[in-house]
Amino acid sequence: MKTESKLEKILAAGHLAVTSECGPPRGAKPDEVIEKSKYLEGIVDAVNVTDNQTAMVRMSSLAASVIIKQQGLNPLFQVTCRDRNRLAMQADIIGAYSFGIDNMLCLSGDHTKFGDHPMAMNVHDIDSIQMIQMVKDMRDKEIFQGGAELKGAPKMFIGAAANPFADPFELRVMRLAKKIAAGADFIQTQCIFNVDKFEQWMEGVRAKGLHKKCYILAGVTPCKSLGAARYMAKRVPGMDVPQEIVDRMASVPKEKQAEEGVTICVETIERLKKIEGVAGFHIMAIEWEEKVEEICERAGLLPRPQV
Amino acid sequence: MITAERKPLEELIEYVKPFKRILLLGCNECVTVCAAGGRKEVGLLASGLQMAMLKNGSNIEIHQHTLERQCDPEYVEELIPMIDSADAVMSMACGCGVQQIAMRFKDKPVFPAVNTSFMGASERQGVWAERCQGCGNCLLGITGGICPIARCAKQLMNGPCGGSTGGNCEISEEVDCAWQLIWDRLKALGLQDMYLDNIPAKDWRSGGGNGPRKIIREDLAE
């Protein structure tokens, strides 16, 4: 065990872990964070707190993580490379750990072009792989990125993202290997609709033994509507939504689409359970947190194990 | 080369409006190559300004001159005989040239006529693209000759990110994914294994992180 993280304990004990997501509000509205977190209490093992997702300014992931921690849940603090240099990152990581937050996800971050401040500088002092390395050294070598000794080291359970659906496909297993070499303890994948392609990626992952070096949490998302399915299929870079999913959503009347989306999600989880190397699920029900309980219930993931 | 584009005429008119006699300076290097501020562009801008000022009912005298390079003090000295007869100078050189003029002639207002953009290369006739950001520690030897700092929108040194689609960057179909290009080159060179090496965090001091940079060649300095 590398940390005291509850998420690590669950995974190390061999249970399928379940994580979900909470996007902080675009304003100083802590009650909204509290409300969202209530839907996830007792349902998931950790809650990802996004960091200026889609390059739109929101309450900081650190602040929202603290609120979630105070509600008794287990935050998974996301940090992108886009908005902070390495000093600010290390300061935030130490700060987060000082509140007892011990899970984090190291990400590149969506380009500012997509958000509400396209005129801002994209920082990218370091990239996500260098961030993983930095956090690993802070934790295990107890040093800052610049080399000086770090007393009061943050014992973070280090996560990264993986996208089996981005191009070039042939690189995607190697990229996971790079992240693991840098120190990633677990990864969460981009949401999976194309299970066949995910299986192909997992074959490559297993061939290199990477599933044994790192816990892989398979990402899933319930489509709220046909419009949502189409949007994800066409407008989100790095997402693979097969036409048959869109067609299935289109085949049911509007008032039944949400239900169909949840059903597809549950079916996907059942298929993913059978894939060797999948250590858990990351359920991204964006602005639909109330559905996570139903999804977990129907997918046989409740009650959550106590460790 | 350094690329630049001419500023909109309206902005340039605002700069020259208060003056009667302008010295309009072109540069024979980079801005000539990208057709922004060479001899020809000096001529075009001089006509444009004169016509605009006439329309407003005022006259303006524009003396045109093009230097070999405006970033070299030796060439800037050539302006001594013509500087007194000008109320103000407008330079069509890149920012380096404009500043050289301003530093040499401290009591003359100096205005830029172009927006200096990037260090780049020509892709084809009339098209220039960013290639180098002067990071001061060139890593082209380990990235198959493609720069991830200048050509990756997130300057990833261990890319690509999850947004790479069909060889394009997530920000636009017009922009190549630099890491796709790097990967293709590594494959062509049989160096795929190199991709697995994690490039460590960059020391940005050589790239301007230590303040404005200077190169001093003792063997050449007087």
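Letters go in sequence order (proteins before strands), and every chain restarts at 1.
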Does A:Lys178 reach the main-chain N or O of B:Tyr195 with its side chain, forming a donor-acceptor pair under 3.5 Å?
yes
With chain B as the partner, which of A:Arg82, A:Gln133, A:Met131, A:Arg175 has the greatest number of non-hydrogen pairs under 4.5 Å?
A:Arg175
Would you say B:Lys154 and A:Asn122 make side-chain contact, with heavy atoms under 4.5 Å?
no
Determine whether more than 12 heavy atoms belonging to other residues, nucleotides or ligands lie under 6.0 Å from atom CD of B:Glu173.
no
Is a side-chain donor or acceptor of B:Gln155 paired with a backbone partner of A:His124 at a separation under 3.5 angstrom?
yes
From A:Asp240 CG over to B:Thr165 OG1, what is the distance, rounded to the nearest 0.5 angstrom?
10.5 Å
I want to check something: taking the side chain as every heavy atom from C-beta on, are B:Trp204 and A:Arg86 in contact at a cut-off of under 4.5 Å?
yes
Among B:Ala153, B:Gly209, B:Ser164, B:Cys161, which has the most heavy-atom pairs under 4.5 Å with chain A?
B:Ser164
Okay, B:Asn168 and chain A: the region with an atom under 4.5 Å from a heavy atom over there is neither
If you count every heavy atom of other residues, nucleotides or ligands that lies below 6.0 Å from B:Leu220 atom CG, does the total exceed 12?
yes
Return the minimal non-hydrogen interatomic distance between B:Pro200 and A:Gln130, and the atom names on each side.
O-NE2, 3.1 Å
Could you tell me which portion of A:Phe165 (side chain, backbone, both or neither) has an atom closer than 4.5 angstrom to a non-hydrogen atom of chain B?
neither
Taking atom CD of B:Glu174 as the centre, report whether more than 12 heavy atoms of other residues, nucleotides or ligands fall under 6.0 Å from it.
no
List the residues meeting ring-ring contact (aromatic ring centres under 6.0 Å, His included) with A:Trp201, not counting sequence neighbours, and say none if there are none.
A:Phe198
Pick from A:Met134, A:Met239, A:Met174 with the largest number of heavy-atom pairs that fall under 4.5 Å of chain B:
A:Met174
Does atom CZ of A:Arg230 have more than 12 heavy-atom neighbours from other groups under 6.0 Å away?
no
Looking at chain B, which one of A:Gln190, A:Lys113, A:Gln145, A:Glu170 has the largest number of heavy-atom pairs inside 4.5 Å, strictly under?
A:Glu170
Evaluate whether atom CZ of B:Phe118 has more than 12 neighbouring non-hydrogen atoms of other residues, nucleotides or ligands under 6.0 angstrom away.
yes
Under 4.5 Å, counting heavy-atom pairs only, tell me which of A:Pro164, A:Ala177, A:Gly109, A:Cys81 racks up the most with chain B.
A:Gly109
Over 12 foreign heavy atoms within 6.0 Å of NZ, B:Lys187:
yes
Any side-chain heavy-atom pair from B:Ser172 and A:His111 closer than 4.5 angstrom?
no
Does the side chain of A:Leu171 come within less than 4.5 Å of B:Pro160's, by heavy atoms?
yes
Taking A:Asp167 for the side chain and B:Gly167 for the main chain, is one N or O donor matched with an acceptor at less than 3.5 Å?
no
Please determine whether the number of non-hydrogen atoms from other residues, nucleotides or ligands lying under 6.0 Å from atom CZ of B:Arg213 exceeds 12.
yes
With chain B, which of A:Val236, A:Ile126, A:Ile129, A:Asn163 has the greatest number of heavy-atom pairs at distances under 4.5 Å?
A:Ile129
What are the two closest non-hydrogen atoms of A:Arg172 and B:Gly162, and how far apart are they?
NH1-CA, 4.1 Å
If you count heavy atoms of other groups shown closer than 6.0 angstrom to CD of B:Glu5, is the number above 12?
no
Just give me the residue among B:Gly159, B:Gly166, B:Cys169, B:Gly163 that pairs up with chain A most often, heavy atom to heavy atom, under 4.5 Å.
B:Gly159
